[in-house]
K.L.:
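I'd like to ask some things about the structure below.
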There are 2 protein chains.
Amino acid sequence: MFIKLHRNAEELIRLSGGRATVGRIRILSILLAEQQAITHREIEQRLPQTLQLDRVTLYRALEWLAGKNLIHKVTSDDRVWRYHANRELHSHQQHAHFKCTRCAQVICLSDLPIERSWPLPIGYRFQEIELTVKGLCADCS
Amino acid sequence: MFIKLHRNAEELIRLSGGRATVGRIRILSILLAEQQAITHREIEQRLPQTLQLDRVTLYRALEWLAGKNLIHKVTSDDRVWRYHANRELHSHQQHAHFKCTRCAQVICLSDLPIERSWPLPIGYRFQEIELTVKGLCADCS
DNA sequence: AAATAAACGCAATAACGTTGCAATGATTTT
DNA sequence: AAAATCATTGCAACGTTATTGCGTTTATTT
């Protein structure tokens with residue numbers, strides 16, 4: 001199972017025209033294996049002892065992956081970025097996020113059941129919507 | 001005009017059961033005079049030379065005002081809090097925010113034309129929605 | 001005017017993220 | 001297969017925003 005993810009990650013990276021380094025592959029594997037959006041720190045903790053990356057390297061790898069649209073960053077009110085692999089469903093489509101106000105878990109919700117644009121004042125131009133629903137997750141409620 | 005805001009601010013603070021200090025009054029006046037949500041730094045810059053507050057004091061005053069529901073904090077993807085006075089319209093109602101991707105200006109949009117709750121996975125409990133529309137403001141587009 | 005407790009200012013600290021630069025290593029070229 | 005090349009990495013230092021502790025000041029009450 002994990003090997004499959006690993007190969008999958010490597011291929012995705014190569015197809016994006018970047019170097020398939022151990023770190024990038026591992027990071028993308030971790031994100032592909034994860035249901036929820038996780039922080040820089042959480043990714044660090046999931047790295048095996050045998051492959052501890054420098055904080056900066058991790059930041060840069062994440063930035064690169066996001067630039068290649070293999071993952072996306074999620075804003076949060078705790079001023080910490082969370083990262084999530086782009087499933088096909090999400091890659092070309094906007095979607096909402098859910099954040100548990102107790103355990104801070106973040107998951108992606110399915111696509112937006114609202115209009116893709118939004119009524120704005122005159123002269124304003126719409127680009128995108130960022131929507132986070134807050135509440136309690138199944139474990140915390 | 002400004003004096004009116006000043007008195008208004010002072011009254012709001014007293015009604016909330018707090019000490020009407022020069023700093024708090026001034027800060028709330030500034031926020032009441034502002035159309036958009038502004039940052040800690042921007043508030044600092046709008047303070048008169050004759051009343052420069054310590055950064056920490058400003059943070060604490062803002063926190064206090066938010067706790068009393070006189071203002072509210074707005075999350076943003078640049079990891080900077082923005083603050084906005086609670087008009088009656090907004091105080092008891094959720095609303096969306098707009099952020100210009102070029103000049104970083106943030107304004108409050110009118111109340112949400114979407115359902116107040118949101119379809120969540122089984123076991124999850126809804127609390128609130130946080131919605132930011134991004135695009136270009138009238139000046140930047 | 002004195003008492004009191006809330007607010008303030010200063011200094012230090014925390015957390016997250018970024019930048020510059022020399023060293024390493026994945027790919028390509030020979 | 002070895003050398004060349006340039007993207008990527010690791011380290012150290014730095015930047016920004018925000019928070020905490022504590023002694024001092026000040027708005028309000030007595």
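Just so it is clear, the values below take in all heavy atoms, side chains as well, and ignore hydrogens, waters and symmetry mates. Naming convention: chains lettered A, B, ... in sequence-line order (proteins, then strands); numbering from 1 in each chain.
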K.L.:
Please report, rounded to the nearest Å, how far the P atom of C/dG17 is from the CG atom of B/Asp77.
P.N.:
13 Å
K.L.:
Specify the separation, in whole Å, of atom CD1 of A/Ile25 and atom P of C/dT27.
P.N.:
8 Å
K.L.:
In whole Å, what is the span from the CD1 atom of B/Ile13 to the P atom of C/dA6?
P.N.:
17 Å
K.L.:
Taking the nucleotide of DNA chain D with the nearest heavy atom to each, does B/Ala20 or B/Trp81 sit closer to the 5' end?
P.N.:
B/Trp81
K.L.:
Heavy atoms from C-beta onward define the side chain here; which of D/dT28, C/dT27, D/dG21 lies closest to that of B/Val56?
P.N.:
D/dG21
K.L.:
Under a 4.0 Å threshold between the charged nitrogen and the carboxylate oxygen, would A/Lys99 count as salt-bridged to A/Asp78?
P.N.:
yes
K.L.:
To the nearest Å, give me how far apart OH (A/Tyr83) and P (C/dC16) are.
P.N.:
11 Å
K.L.:
Tell me whether the rings of B/Tyr59 and B/His40 are parallel (<30°), tilted (30 to 60°) or perpendicular (>60°).
P.N.:
parallel
K.L.:
In terms of side-chain heavy atoms of A/Asp54, which of D/dG10, C/dA7, C/dA26 is nearest?
P.N.:
D/dG10
K.L.:
Would you please confirm or rule out a distance under 4.0 Å between OP1 or OP2 of D/dT9 and any side-chain N or O of A/Thr21?
P.N.:
yes
K.L.:
CD of B/Glu63 versus P of C/dA6: gap in Å, rounded?
P.N.:
16 Å
K.L.:
Between A/Glu44 and A/Arg55, is there a salt bridge with N-O shorter than 4.0 Å?
P.N.:
no
K.L.:
Distance alone, cut at 3.5 Å: any donor-acceptor contact between the side chains of B/His72 and B/His95?
P.N.:
yes
K.L.:
Please compare B/Arg24 and B/Arg79 by the position of their nearest nucleotide in DNA chain C and report the one closer to 5'.
P.N.:
B/Arg24
K.L.:
For the pair made of CZ in B/Arg60 and P in D/dC22, what is the distance, rounded to whole Å?
P.N.:
12 Å
K.L.:
Take the protein atom CG of A/Leu58 and the nucleotide atom C1' of D/dT9, then report the distance between them rounded to whole Å.
P.N.:
12 Å
K.L.:
Has A/Arg41 got a side-chain N or O lying under 4.0 Å from the OP1 or OP2 atom of C/dC16?
P.N.:
yes
K.L.:
At less than 4.0 Å, is any side-chain N or O atom of B/Arg55 found next to OP1 or OP2 of D/dA18? Yes or no.
P.N.:
no
K.L.:
Think B/Tyr59 has a side-chain N or O under 4.0 angstrom from the OP1 or OP2 of D/dT19?
P.N.:
no
K.L.:
Does A/Val80 reach a base, just sugar-phosphate, or nothing at all? Heavy atoms under 4.0 Å.
P.N.:
sugar-phosphate
K.L.:
What does A/Ala61 touch in the nucleic acid at a heavy-atom separation under 4.0 angstrom: a base, only the sugar-phosphate, or nothing?
P.N.:
nothing
K.L.:
For B/Trp81, does its backbone N or O pair with a side-chain atom of B/Thr39 as donor and acceptor, under 3.5 Å?
P.N.:
no
K.L.:
Do any N or O atoms from the side chain of A/Thr57 and from the backbone of A/Leu53 form a donor-acceptor pair under 3.5 angstrom?
P.N.:
no
K.L.:
D/dT28, OP1 or OP2 - any side-chain N/O from B/Arg14 closer than 4.0 Å?
P.N.:
yes
K.L.:
Among C/dT18, D/dC6, C/dC8, which is the nearest nucleotide to the side chain of B/Thr57?
P.N.:
C/dC8
K.L.:
Of the candidate nucleotides C/dG25, D/dA18, D/dT28, which contains the atom at the shortest distance from the side chain of B/His40?
P.N.:
D/dA18
K.L.:
For a quick check, tell me whether the side chain of B/Arg19 and the base of C/dA6 share a donor-acceptor pair closer than 3.5 Å.
P.N.:
yes
K.L.:
Over how many whole Å does the gap from A/Asp78 atom CG to C/dC16 atom C1' extend?
P.N.:
11 Å
